[in-house]
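Notes for the one structure printed next.
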Amino acid sequence: MKCVHLDFHTSPYIENIGADFNKAEFTKTLKDAKVDLITVFAKCHHGYCYYPTKVGKMHPHLKFNLLKEQIEAVHDAGAIAPIYITMGWSEKDANEHPEWHHVDFWTKKKLAWGFNGGKFDEPADTPLSDCSWITLCPVGGYKKYLEDITREVCEQFDISDGIFYDICFMKDACVCDSCVAGMKEKGLNPENYEDARKYYREKRIELMKDLTGIVHEYAPNATVFYNGGADMNRPEYAPYQTHYELEDLPTAWGGYDLMPLRAKFFEKYGKIFWGMTGKFHHAWGEFGGFKNKDALKYECADMVSIGASMSVGDQLHPLGKLDESTYSVIGYAFDYASKIEKFSENTKAFTDIALWISHNNQADMGCSKMLQLMHLEFDVVDSGEDISKYQCIVLPDRVKLTDADKARLVEFKNNGGKIIASAESIFEELGIKVKGHSGSDNDFISCEIDEITTPFLTYSSAYVLEGEGEVLAKVHEPYFNRTYGHFCGHKNTPFKSESASYPALIKQGNVLCFAHPIFSAYDKSGSYVLERYIKKAFDSIYEKGIKTENLPSCGRVRFRKSEKEDFFALHILYAPPVNRGNVCLLEDFPVLHDVKITVKVDKKITSVVSQPDGESIEFVQNGNEVSFELSPFSLHKLVILK
């Protein structure tokens with residue numbers, strides 16, 4: 001599905017709102033751009049509604065029911081129109097109801113997002129930083145207000161296309177008057193952080209249940225999404241979403257490696273999900289900012305390749321006219337997506353390796369980046385999930401395992417499964433003990449990596465491992481830690497020539513253990529040598545299910561199997577990101593030549609065909625491995641193995 005998230009946060013100081021809106025033109029623009037879904041606004045961050053309202057206040061310079069007209073125009077285009085309602089940010093309500101402000105647990109001040117470093121009380125003519133809003137707490141009176149707005153929207157409009165609530169989970173604790181009173185009533189201590197977190201979670205889940213309940217009174221099958229709730233580190237909110245929208249604008253935050261990890265995490269819930277990028281050069285709310293059309297094509301192909309629908313963020317001009325240049329770019333990307341998206345429907349990743357998520361962002365991102373640059377398809381698993389189908393499980397740096405998890409991993413190992421663990425994720429039942437931290441600030445590893453034969457910097461430090469097995473790399477400690485009293489040169493202290501008594505990398509049977517938090521170190525440093533070291537370690541224990549030749553490290557490979565038809569879909573993407581100013585962007589799409597692929601499959605393959613061009617590709621199948629060479633291509637190549 002090809003979606004647009006159409007922001008419309010419109011200041012009360014701008015007049016003639018919607019003056020250029022033309023229903024037929026709006027419809028035609030969406031049709032021409034092949035849009036299947038577009039979110040339209042009931043209420044924005046400025047706090048105004050775009051329909052006649054008794055609960056809130058219609059925008060002071062809007063003279064007609066814009067929301068009604070937009071919904072009709074969207075339906076005329078054969079698309080669907082979920083309705084947007086702001087939750088956490090609403091300037092008008094924040095000004096009129098200071099008792100509704102979210103109060104930060106630690107500072108005991110209202111939560112001010114942006115505002116020139118938190119200074120929200122500057123003189124009125126002070127230039128304002130990006131994305132500056134006071135956050136509201138949907139407990140007490142504000143919860144009742146949100147319920148009333150929701151019910152009013154449900155009564156005035158056909159909401160069967162769904163409701164999108166925004167800015168729902170900005171912190172993890174609040175001590176506003178309503179929250180403090182509620183905590184005391186439940187016997188919780190508002191001065192205790194864990195009690196405040198517990199109450200916050202309980203009230204957000206209650207809010208989701210209550211608002212979704214209202215929506216489903218009017219439209220039982222309507223989608224309801226609470227933005228901010230699709231968070232890998234807040235899995236408690238996942239059950240209360242009908243689907244997941246993964247807001248990962250690669251130009252502004254997370255780069256091009258974040259969405260794939262999050263998509264793999266949420267795909268396992270079995271619900272519809274889609275990625276969300278933007279048409280902007282940078283980020284939300286940027287009028288006049290445009291993304292390279294091939295970059296947007298790449299991003300849409302990337303979403304398709306991972307089994308997601310695609311959503312592109314836009315912001316409607318106050319006059320209500322969709323921007324022609326914007327929808328030319330979106331239409332270009334959506335036209336390509338429309339030719340390949342059918343090969344993504346009802347597919348799942350076909351892989352024998354899984355990343356066991358640690359819920360530590362740096363460890364998980366570093367591991368995901370390494371798996372992607374090794375051109376591996378992988379799943380994401382979490383505590384309590386079945387792991388029996390995999391050949392290899394990776395435990396990055398800081399996985400918190402229950403006793404039951406440890407028992408399942410030991411059983412997995414004993415049945416022939418391979419385990420790669422690092423730092424705090426290593427546990428004694430694997431046969432390797434962690435005796436504590438070395439105490440070094442930065443240390444070194446000796447392990448021959450191509451031309452690198454001397455100890456190389458780890459940008460981290462080791463845990464002391466003890467156990468029998470093959471030592472694949474050694475630790476070299478620094479002479480001393482860098483302090484005011486003892487330091488050497490500009491950066492880190494040099495290494496001792498003799499190695500430490502404990503290993504950097506040890507392999508014992510089916511288990512491979514890194515002494516360092518190696519994935520966090522890689523995510524932090526991007527070190528080429530660490531990258532080569534991790535690759536070499538993986539090769540020592542894991543037989544790859546996907547092998548590539550002549551595909552650069554920025555190439556991305558996805559391999560999926562249809563659940564309803566007899567085919568595998570192999571996606572190969574290539575576009576090297578570059579940093580320009582404060583933006584990560586895609587500008588160059590070089591043609592790749594002589595790329596060779598070998599994939600493991602569990603079926604006899606009868607044909608290999610490139611799509612959407614229909615080019616037949618010669619292949620060789622040897623047992624469970626299929627090998628073929630691709631003709632020259634750029635940006636994205638889709639290969640269907642029947």
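Only a predicted model underlies this, so the values are computations on that prediction, with no experimental measurement involved.
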Test side-chain contact (heavy atoms from CB on, under 4.5 Å) applied to His375 - qualifying residues, sequence neighbours left out: Thr548, Leu551, Val557

Once you round to the nearest 0.5 Å, how far does OH of Tyr298 lie from OG of Ser305? 8.0 Å

Point-to-point distance, once rounded to the nearest 0.5 Å, from CG of Asp257 to CG of Asp248: 11.0 Å

Are any side-chain N or O atoms of Tyr226 and backbone N or O atoms of Met208, one a donor and one an acceptor, separated by less than 3.5 Å? yes

Indicate whether any N or O donor in one side chain lies under 3.5 Å from an N or O acceptor in the other, for Ser388 and Asp386. yes

Test side-chain contact (heavy atoms from CB on, under 4.5 Å) applied to Cys392 and Asp352, Ile387, Ile353, the passing residue: Ile353

CD/Glu563: more than 12 non-hydrogen atoms of other groups inside 6.0 Å: yes

When Phe273, Phe265, Tyr269 are each screened for ring-ring contact (aromatic ring centres under 6.0 Å, His included) with Tyr244, the one that passes is Tyr269

Is a side-chain donor-acceptor pair under 3.5 Å present for Glu615 with Ser631? yes

Could you check whether any side-chain N or O of Asp231 sits under 3.5 Å from a backbone N or O of Asn233, counting only pairs where one atom can act as donor and the other as acceptor? yes

Please round to the nearest 0.5 Å and tell me the distance separating atom CD of Glu377 and atom CG of Leu371. 10.0 Å

Report yes or no: do Asp379 and Tyr390 form a side-chain donor-acceptor pair below 3.5 Å? yes

Between Asp523 and Lys369, does the salt bridge (Lys or Arg N to Asp or Glu O under 4.0 Å) criterion hold? Intermediate values first, please. CA-CA 8 Å; Asp523 187 60; Lys369 286 176 181 178; 2.7 Å; yes

Per the ring-ring contact (aromatic ring centres under 6.0 Å, His included) rule, which among Phe559, Phe343, Phe619 passes with Phe568? Phe559

Ser446: partners by side-chain contact (heavy atoms from CB on, under 4.5 Å), with sequence neighbours left out: Pro455, Lys474, His476

Within 45° of the six-membered ring axis of Phe412 and under 6.0 Å from that ring's centre, is NZ or CZ of Arg408 located there? no

Assess, by modelled atom type and distance only, whether the side chains of Asn492 and Asp441 contain a donor and an acceptor separated by less than 3.5 Å. no

According to side-chain contact (heavy atoms from CB on, under 4.5 Å), who are the partners of Glu549, at least two apart in sequence or on a separate chain? Lys596

Approximate separation, where rounding is to 0.5 Å, of Thr277 OG1 and Asp302 CG: 9.5 Å

Applying salt bridge (Lys or Arg N to Asp or Glu O under 4.0 Å), run through Glu565 and Lys342 and close with a yes or a no. CA-CA 11 Å; Glu565 299 181 55; Lys342 64 182 179 181; over 6 Å; no

Assess, by modelled atom type and distance only, whether the side chains of Thr458 and Asp443 contain a donor and an acceptor separated by less than 3.5 Å. yes

Provide the full list of ring pair (Phe, Tyr, Trp, His ring centres under 6.0 Å) pairs with a residue in residues 520-558, sequence neighbours left out, each pair given once. Phe456-Tyr533, Phe514-Tyr533

Per-pair distances, 0.1 Å, donor-acceptor, side chain in residues 417-426, under 3.5 Å, sequence neighbours excluded:
| unit_1 | atom_1 | unit_2 | atom_2 | d |
| --- | --- | --- | --- | --- |
| Lys418 | NZ | Ile541 | O | 3.2 |
| Ser422 | OG | Leu395 | O | 3.4 |
| Ser422 | OG | Asp397 | N | 2.5 |
| Ser422 | OG | Asp397 | OD1 | 2.6 |
| Glu424 | OE2 | Tyr463 | OH | 2.7 |
| Ser425 | OG | Asp397 | N | 3.4 |
| Ser425 | OG | Asp397 | O | 3.4 |
| Ser425 | OG | Arg398 | N | 3.2 |
| Ser425 | OG | Val399 | N | 2.9 |

Should we say atom CD of Glu629 is surrounded by more than 12 heavy atoms from elsewhere, each under 6.0 Å from it? yes

Given 3.5 Å as the limit, does a donor-acceptor pair link the side chain of Arg262 with the main chain of Gly275, or not? no

Under 3.5 Å, is there a donor-acceptor pair linking the side chains of Asp294 and Tyr336? no

Taking the side chain as everything from C-beta on, heavy atoms only, tell me whether Ser461 gets closer than 4.5 Å to Pro478. no

Could you work out, with side-chain contact (heavy atoms from CB on, under 4.5 Å) as the rule, every residue matching Arg201, not counting sequence neighbours? Arg197, Lys198, Glu236, Tyr237

Minimum heavy-atom separation for Ser344 and Gly307, please, with both atom names. OG-CA, 3.2 Å

Separation between CD1 of Ile506 and CD of Glu470, rounded to the nearest 0.5 Å: 9.5 Å

